Participant: 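The structure that follows is given in the form of structure tokens.
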Amino acid sequence: MKGLIQRVKHASVVVEGQTVGEIQQGVLVLLGVEKHDDETTADKLLHKIANYRIFTDEVGKMNLSVQNIQGELLVVSQFTLAADTKKGMRPSFSSAATPVQAEALYNYFTERAKLLGIKVANGQFGADMQVTLNNDGPVTFMLES
């Protein structure tokens with residue numbers, strides 16, 4: 001499971017002209033699910049994202065997590081993160097989870113995040129989404145479980 005995380009001041013997701021998810025300060029998570037992923041992998045990645053120190057403390061060092069600042073998460077399914085881009089000029093998606101498995105783990109991930117007390121907003125799984133963000137920094141990291 002892969003999570004491309006971006007520290008944001010604001011982020012939102014629009015589907016067919018309607019805002020389906022929106023957060024203020026926090027983390028935009030683009031979540032990619034692969035065939036071998038399961039609830040254990042989702043839990044590991046969530047733990048990492050919830051505790052990853054990417055927000056600045058009072059002396060300007062990246063020392064605080066999204067939980068420390070009582071920030072929010074916007075979780076957006078991102079099938080293309082599972083792409084194999086090592087060779088050729090067209091990505092291969094052979095390592096990507098099936099849509100059924102991916103959606104189940106995506107939902108599991110977001111529900112577990114809510115149990116941590118984090119305010120969570122979502123994209124719409126499998127939809128054509130327009131994601132808008134105000135990347136703070138910019139600060140972007142690729143995390144894997």
Side-chain angles (χ1 to χ4, degrees), residues 1-15 19-87 90-145:
M1 188 170 276
K2 296 177 180 178
L4 181 72
I5 64 169
Q6 297 178 303
R7 185 178 76 184
V8 298
K9 294 281 188 185
H10 173 266
S12 63
V13 178
V14 172
V15 176
T19 300
V20 297
E22 184 172 23
I23 64 168
Q24 297 306 312
Q25 185 179 28
V27 175
L28 169 62
V29 180
L30 302 177
L31 189 67
V33 182
E34 298 176 301
K35 286 180 188 174
H36 64 275
D37 293 331
D38 57 19
E39 290 179 353
T40 301
T41 354
D43 287 337
K44 286 179 185 176
L45 183 60
L46 176 58
H47 176 77
K48 192 179 267 190
I49 290 170
N51 294 288
Y52 215 64
R53 298 182 303 169
I54 62 172
F55 293 91
T56 54
D57 62 15
E58 62 280 350
V59 294
K61 295 206 183 268
M62 283 198 291
N63 238 354
L64 303 173
S65 70
V66 69
Q67 285 188 300
N68 295 142
I69 66 154
Q70 298 179 337
E72 305 173 20
L73 290 181
L74 176 57
V75 184
V76 176
S77 61
Q78 183 71 54
F79 170 75
T80 59
L81 286 179
D84 180 356
T85 60
K86 291 180 183 144
K87 61 181 182 174
R90 182 172 183 209
S92 167
F93 296 102
S94 61
S95 65
T98 66
V100 170
Q101 177 193 11
E103 185 172 15
L105 285 173
Y106 170 80
N107 291 334
Y108 176 84
F109 182 93
T110 58
E111 289 306 311
R112 296 293 288 188
K114 290 174 187 174
L115 291 175
L116 293 176
I118 300 173
K119 182 180 175 193
V120 179
N122 297 82
Q124 183 177 324
F125 187 88
D128 180 23
M129 296 175 274
Q130 286 68 55
V131 180
T132 302
L133 68 140
N134 182 350
N135 193 324
D136 182 18
V139 173
T140 303
F141 294 96
M142 173 62 79
L143 301 180
E144 298 184 47
S145 52

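Because the structure is predicted, anything quoted here is derived from the model rather than measured.
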Participant: Does Lys2, at its NZ atom, have more than 12 non-hydrogen atoms belonging to other residues, nucleotides or ligands within less than 6.0 Å?
Facilitator: yes

Participant: Could you give the distance from OG1 (Thr140) to CD1 (Ile54), rounded to the nearest 0.5 Å?
Facilitator: 8.5 Å

Participant: Can a donor-acceptor pair be found, under 3.5 Å and without considering hydrogens, that links the side chain of Ser95 to the backbone of Glu34?
Facilitator: no

Participant: Could you give the distance from CE (Met1) to NE2 (His36), rounded to the nearest 0.5 Å?
Facilitator: 9.0 Å

Participant: Start with the C-alpha gap between Tyr52 and Val66, add the side-chain angles, then the distance that decides, and say whether side-chain contact (heavy atoms from CB on, under 4.5 Å) holds.
Facilitator: CA-CA 7 Å; Tyr52 215 64; Val66 69; over 6 Å; no

Participant: Taking the side chain as everything from C-beta on, heavy atoms only, tell me whether Thr56 gets closer than 4.5 Å to Arg7.
Facilitator: yes

Participant: Can you confirm whether Gln70 is buried at CD, in the sense that more than 12 heavy atoms of other residues, nucleotides or ligands lie under 6.0 Å from that atom?
Facilitator: no

Participant: Between Asp43 and Thr40, do the side chains contain a donor N or O and an acceptor N or O under 3.5 Å apart?
Facilitator: no

Participant: Would you say Ser77 and Met129 make side-chain contact, with heavy atoms under 4.5 Å?
Facilitator: yes

Participant: Please verify the inter-ring angle class for Tyr106 with Phe125; under 30° counts as parallel, over 60° as perpendicular, anything in between as tilted.
Facilitator: tilted

Participant: Does a side-chain heavy-atom distance below 4.5 Å link Ile23 with Leu73?
Facilitator: no

Participant: Got a second to check how far Met62's CE is from Phe141's CZ, nearest 0.5 Å?
Facilitator: 4.5 Å

Participant: Exactly one of Thr41, Asp37, Ile49, Val120 should register a side-chain contact (heavy atoms from CB on, under 4.5 Å) with Phe109. Which one does?
Facilitator: Ile49

Participant: Any chance you could measure Lys9, atom NZ, to Asn135, atom CG, to the nearest 0.5 Å?
Facilitator: 11.0 Å

Participant: Give the minimum heavy-atom separation between Gly123 and Leu74, together with the two atoms involved.
Facilitator: N-CD1, 4.4 Å

Participant: Over all heavy atoms of both residues, which pair between Gln124 and Val15 is shortest? Give the atoms and the distance, please.
Facilitator: OE1-CG1, 3.7 Å

Participant: Looking only at non-hydrogen atoms, find the nearest pair between Phe55 and Gly26 and report the distance.
Facilitator: CZ-O, 3.4 Å

Participant: Could you go through Thr19 and Val14, starting from their C-alpha distance and side-chain angles, then the distance that decides it, and tell me whether this counts as side-chain contact (heavy atoms from CB on, under 4.5 Å)?
Facilitator: CA-CA 4 Å; Thr19 300; Val14 172; 3.8 Å; yes

Participant: Answer whether the closest heavy-atom distance between the side chains of Gln78 and Leu4 falls below 4.5 Å.
Facilitator: no

Participant: Enter the distance from Arg53:CZ to Gln67:CD here, rounded to the nearest 0.5 Å.
Facilitator: 13.5 Å

Participant: Between Leu31 and Thr110, is there a side-chain heavy-atom distance shorter than 4.5 Å?
Facilitator: no

Participant: Within the distance-only criterion (no hydrogens, no angle test), does the side chain of Glu72 pair as donor or acceptor with the backbone N or O of Lys119 below 3.5 angstrom?
Facilitator: no

Participant: For a quick test of reading the model, state the closest non-hydrogen atom pair linking Leu81 to Gly32 and the distance between them.
Facilitator: CD1-N, 3.8 Å

Participant: Please check this pair: side chain of Gln101 against backbone of Lys35, looking for a donor-acceptor N/O pair closer than 3.5 Å.
Facilitator: yes

Participant: Roughly how far, to the nearest 0.5 Å, is CZ of Arg112 from CD1 of Ile118?
Facilitator: 12.0 Å

Participant: What verdict does the side-chain contact (heavy atoms from CB on, under 4.5 Å) test give for Val27 and Gln6, after you've listed the backbone C-alpha separation in whole Å, the side-chain angles of each residue and the deciding distance to 0.1 Å?
Facilitator: CA-CA 6 Å; Val27 175; Gln6 297 178 303; over 6 Å; no

Participant: Would you please test Val8 and Asn134 for side-chain contact (heavy atoms from CB on, under 4.5 Å) and show each step?
Facilitator: CA-CA 5 Å; Val8 298; Asn134 182 350; 5.7 Å; no

Participant: What are the two closest non-hydrogen atoms of Ala96 and Phe79, and how far apart are they?
Facilitator: CB-CE1, 3.5 Å

